[in-house]
Amino acid sequence: MEFIETLINGLSIGSTYAMIALGYTMVYGIAKMLNFAHGDIIMVGGYMIYVGLTISGNPVISFIAAVLSCIILGITIEKIAYRPLRGASPLAVLITAIGVSYLLQSSAQMIFGSAPKMVTVADLGSISFSGLTIPVYVLVTLACSVVVMTALTLFVKYTRTGRAMIAVSEDKGAAQLMGINVNRIIMITFAIGSGLAAFAGLFMLMKSPSLSNTLGAMPGIKAFTSAVIGGVGSIPGAMLGGILMGVVEAISLKIPPIAPYTDAIEFIILIIILLVKPTGILGKKRREKV
Amino acid sequence: MALLEVKDLEVSYGVIKALKGISFEVNEGEIVTLIGANGAGKTTTMQSVIGLIPKKSGTVIYDGEDITKTPCHKIVHLGMSQVPEGRRIFQELTVYENLLMGAYSKKKDDHFNEDLEKVYKRFPRLAERKNQIAGTLSGGEQQMLAMGRALMSRPKLLMLDEPSMGLSPLLVDEVFDIIKDINKDGTTILLVEQNAGKSLAISDRAYVLETGSIVLSGTGEELSSSEEVKKAYLGV
Ligand SMILES: Nc1ncnc2c1ncn2[C@@H]1O[C@H](COP(=O)(O)OP(=O)(O)OP(=O)(O)O)[C@@H](O)[C@H]1O
Ligand SMILES: [Mg+2]
């Protein structure tokens, strides 16, 4: 029984990683850049939920406001910081992204102070059935994730814009020859990734109420690791990698001798998987094109 | 009437001058060929005209509109289409999805099914393999797909960059027949080829490109019988 509870908990942690990993992987696949500041969007989402709750007291309204703010923030960052560097060296882009990350963290600290805020999104309690006791927030996380990831998968596969995203990720030049506005597709990708980051922010605050300006740092790194494990650029890969990471984390935390080394174990798994399959579990070898 | 008019087009890659001010035109209904050796600047011409790479100077007028500074995706919406060098089909998508991408610039209801049927009729192989992942097609089939994909946008001007590259002699003949046929159906063609003999035979007019400059021009027949062309490109 306890194992099943741990597993369910792992799935919910994993869904959070998957949500973040999707943002990394889609931006990487389509804009061919590592958006180092992606984790900090989660943090901004967290603060927006906090602000919303303070003003309205309504968790649903606060969350919707957080999603919208993150989307606008993501689009703005892309337009101001990254778009002018299209075609620049990857190193210049990476350094800019690191700069954006610090800018977001410092701004949050200036506005909200450095002491962590305690944010209770909603007191949901837990439910028990057939011998299992599961916190309701875990179920909410799982349900939201299943819906969002299914919607995203269908969107990419079956809509005109979704297919354009695949085309851009495969060959930007050929995509333009189809009449696809690559800048617009990249903007949409940032919007989706940032919206998903707001979901991750919500999941994290439901799990633990402490909110600081580094909220997104560690989950960001773990989610990036998940994206690499799954095969960077691959949407199902990010989902799989995230879930795998979460389940390993939940199980490892339950085993006393190895629990303190959980983070290390997760990164060791990355290294082992990359040694066996350098492109990640679902990653494909891709010829680089102009 | 000139459908495409290129004047003094210059393109550079850093310090390398790939096009040194070339001028040419393509009239409505014509098949026009650019021939030239490796590195002459043929692909550069095709890609800069359609806006895929930036022009350093010069003007490009298409269908009466100055498109010198228009981005590629907008030019495609104006009815120009290109089968790029190396085909560049979307390897991970199916044949059908590639054709769907080809129609991206059209609203979905605008004759999509009609155009799809036309492409399947012209390339029966594609119809047989519509659900196959495009990356697993043979080279010849990929060329057919690239051509079919380019036709899905109902182009007024279709540009083809070395469509015969890497194909068996039998398939090369088939490709040239198809190009002639597409042209008969009312599509203007700008062709780039190293296979000078076959392309001149189907061309109304042609230009010879040498290291970034146009050195000769004339009707297909004139160039086929020109001593210079014979020596340099026809291997006679
Ligand atoms: N991306 C690039 N960067 C630098 N130089 C380039 C680039 N692309 C092409 N060139 C140079 O520009 C010149 C023209 O190249 P282009 O590809 O247009 O030739 P081409 O006539 O299409 O040749 P081929 O028959 O081999 O396809 C060549 O000297 C080539 O080396
Ligand atoms: Mg070429």
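The sequence lines fix the lettering, A, B, ..., with proteins before strands; numbering per chain opens at 1.
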TODO: Dump the intermediate steps for side-chain contact (heavy atoms from CB on, under 4.5 Å) on A:Leu177 and B:Cys72, then the final yes or no.
DONE: CA-CA 7 Å; A:Leu177 287 177; B:Cys72 179; 4.0 Å; yes
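- Only the side chain of B:Arg149 has a heavy atom closer than 4.5 Å to any heavy atom of chain A.
- Proximity of a side-chain donor or acceptor of B:Glu92 to a complementary backbone N or O of A:Glu170 within less than 3.5 Å is not detected.
- Counting heavy-atom neighbours within 6.0 Å of B:Tyr13 OH, excluding the residue itself, gives a total above 12.
- Residue-environment remark: CZ (A:Arg86) exceeds the threshold of 12 foreign heavy atoms within 6.0 Å.
- B:Phe90 has its side chain out of reach of A:Arg163: every pair of non-hydrogen atoms, C-beta onward, lies at least 4.5 Å apart.
- With a threshold of 4.5 angstrom between heavy atoms, B:Leu93 approaches chain A through its backbone and through its side chain.
- Atom OH of A:Tyr102 sits in a sparse spot, with 12 or fewer heavy atoms from other residues, nucleotides or ligands closer than 6.0 Å.
- Residues A:Ala167 and B:Met101 approach most closely at CB-CE, 3.9 Å, considering heavy atoms.
- Within a 6.0 Å sphere centred on CZ of A:Phe36, other residues, nucleotides and ligands contribute 12 heavy atoms or fewer.
- A distance-only check finds no donor-acceptor pair linking the side chain of B:His73 to the backbone of A:Val182 [under 3.5 Å].
- Other residues, nucleotides and ligands contribute only 12 or fewer heavy atoms inside 6.0 Å of the NZ atom of B:Lys180.
- For the atom pair A:Gln176 CD and B:Lys74 NZ, the distance stands at 12.5 Å (nearest 0.5 Å).
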